[in-house]
Amino acid sequence: MKRVSCIDIGTNTALLLIADLDTQEGSIKPVFHKQTIIRLGKNVDEQKIIDHEAMQRLISCMTDYKHISREHDVQQIIAAGTSALRDAKNRMEIIDEVVRACGIVIKTISGEEEAALTFSGAVAGMEELPETFSVIDIGGGSTEITMGNAQTITGSVSMNIGSVRLTERFFSSQPPSEEEFNAAKEEINRQLTEHLPPFFEAREHVYGVAGTLTTIAAVVSGLEQFDPAKIHNFRLTCEQVGNLLDMFRHQTLNEIMDSGIPEGRADVITMGALILHQFMKLLGTESIRVSIQGLRYGMAWKELQKLVSDGETTNSA
């Protein structure tokens, strides 16, 4: 048994999973979860730089996660940076500052690595998986779609359409103007139309991860407080997403928050819902199964496989 902290540093949110990796059972046993809105990718799409305030939010969050990890007797901290760090010209400076401040080393992973880890993480521990399925991960800076089965990935794509990136690029206010909304929709459709065809064979079995999906599922299910057990494997229909999108696109920020969307996500949920709706509509997917798991579970799964492999090597020697 090995206890690890897996940290997913996204464009909008930093997610922490502390889990015990059981090599005997080959399972991930969650111990503690936390998420923090850090908006690391603020203005990165335009400027390609992570500014000082965003860096300080990241350092504060990583220092907190380091403290929590110590409290839980974690043996190893694994941290991965995604879209915002991929795009930032000053990412090495940011990574060095985090190391100096709290000792956590962040590895910037490619869109392909992110997609592969999220694919395995999304369905880790699930039973009776379909023969072929796909996973969509709508992040703040990018969206990944991956297809395959329990053993193999057969197709993957990472696109620079994320809820924070496109909100900054297209929306000047909330609610957006009709022109702004249609321009964003056109760009989303353009990228999806280019990349979706290989994924049609898995359109009947789609799993969705990340904040846009879990937040929308919580609103649709009428939860007053987020309950992971009720959201995990929740069936979200295209019609439900479309109805929420129609509501969000005409609401002010305060009205969106009054409907149950957290403050750190309220200003980008319209765009996130638009990306999700167009994905489902263009692919012809009637419903998606929401997974509360994702990249951090994929990181834990990869470390577990490494431990199992090392153990087998030691035993055979």
Side-chain angles (χ1 to χ4, degrees), residues 10-15 35-47 51 53-54 57 61 83-84 136-143 160-192 208-227 230-231 234 236-282 288 290 292:
T11 300
N12 194 43
T13 313
L15 297 159
Q35 70 166 15
T36 309
I37 303 287
I38 58 172
R39 196 59 65 90
L40 184 66
K42 186 177 181 181
N43 299 323
V44 168
D45 180 59
E46 181 182 1
Q47 300 173 4
D51 64 28
E53 289 75 16
R57 291 193 295 272
C61 178
S83 181
I136 181 169
D137 174 8
I138 300 173
S142 64
T143 292
N160 280 333
I161 50 172
S163 59
V164 174
R165 184 191 298 272
L166 295 192
T167 297
E168 290 181 351
R169 191 182 295 181
F170 289 100
F171 292 176
S172 62
S173 62
Q174 180 61 44
S177 69
E178 196 71 18
E179 292 76 18
E180 289 174 337
F181 184 86
N182 288 333
K185 185 177 177 180
E186 187 177 319
E187 172 61 14
I188 292 165
N189 285 350
R190 184 187 69 78
Q191 293 219 34
L192 287 174
V209 303
T212 290
L213 275 295
T214 56
T215 302
I216 289 175
V219 173
V220 167
S221 61
L223 292 178
E224 290 186 8
Q225 286 191 321
F226 188 81
D227 185 344
K230 291 182 179 176
I231 296 303
F234 181 84
L236 190 61
T237 69
C238 187
E239 182 181 7
Q240 289 168 332
V241 176
N243 290 340
L244 270 189
L245 175 60
D246 284 340
M247 183 176 77
F248 292 150
R249 64 179 290 198
H250 296 111
Q251 287 183 323
T252 65
L253 205 55
N254 286 333
E255 288 170 338
I256 288 176
M257 287 190 284
D258 286 343
S259 66
I261 307 300
E263 183 178 356
R265 199 170 295 283
D267 61 334
V268 297
I269 194 65
T270 303
M271 189 64 76
L274 178 58
I275 295 169
L276 176 59
H277 184 252
Q278 294 312 110
F279 165 79
M280 296 180 77
K281 193 175 174 184
L282 291 172
I288 282 182
V290 178
I292 63 165

For a quick test of reading the model, state the closest non-hydrogen atom pair linking [X] to [Y] and the distance between them.
X    : Y    : answer
V241 : A273 : CG1-O, 3.8 Å
A217 : F234 : CB-CD2, 3.8 Å
I161 : I275 : O-CD1, 3.9 Å
M257 : A266 : CG-CB, 3.5 Å
V44  : A84  : CG1-O, 3.9 Å

From [X] [atom1] over to [Y] [atom2], what is the distance, rounded to the nearest 0.5 angstrom?
X    : Y    : atom1 : atom2 : result
H277 : N243 : NE2   : CG    : 8.5 Å
I136 : I138 : CD1   : CD1   : 4.0 Å
T270 : Q251 : OG1   : CD    : 8.0 Å
I269 : R249 : CD1   : CZ    : 15.5 Å
L236 : Q240 : CG    : CD    : 5.5 Å
L244 : I261 : CG    : CD1   : 7.0 Å

Side-chain touch [X]/[Y], heavy atoms, less than 4.5 angstrom:
X    : Y    : result
I288 : M280 : yes
F181 : L274 : yes
E168 : E46  : no
L192 : T143 : no

- Task: Kindly indicate, with the supporting measurements, whether the criterion side chain to side chain contact (heavy atoms under 4.5 Å, CB included) is fulfilled by S221 and K230.
- Result: CA-CA 9 Å; S221 61; K230 291 182 179 176; 6.0 Å; no

- Query: So among I188, L245, T212, which one has a side-chain contact (heavy atoms from CB on, under 4.5 Å) with M271?
  - Reply: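 Only one of I188, L245, T212 forms a side-chain contact (heavy atoms from CB on, under 4.5 Å) with M271, namely I188.
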
[X] side chain to [Y] backbone, donor-acceptor under 3.5 Å:
X    : Y    : result
E255 : T252 : yes
R39  : G264 : yes
T36  : I38  : no

- E186 CD: over 12 foreign heavy atoms closer than 6.0 Å: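 No, because the 6.0 Å sphere around CD of E186 holds 12 heavy atoms or fewer from other groups.
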
- Atom CD of E239: over 12 foreign heavy atoms under 6.0 Å: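 No, the 6.0 Å shell around CD holds no more than 12 heavy atoms from other groups.
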
Under 3.5 Å side-chain donor-acceptor pair for [X] and [Y]:
X    : Y    : value
E180 : S172 : yes
R165 : S83  : yes
T13  : R265 : yes

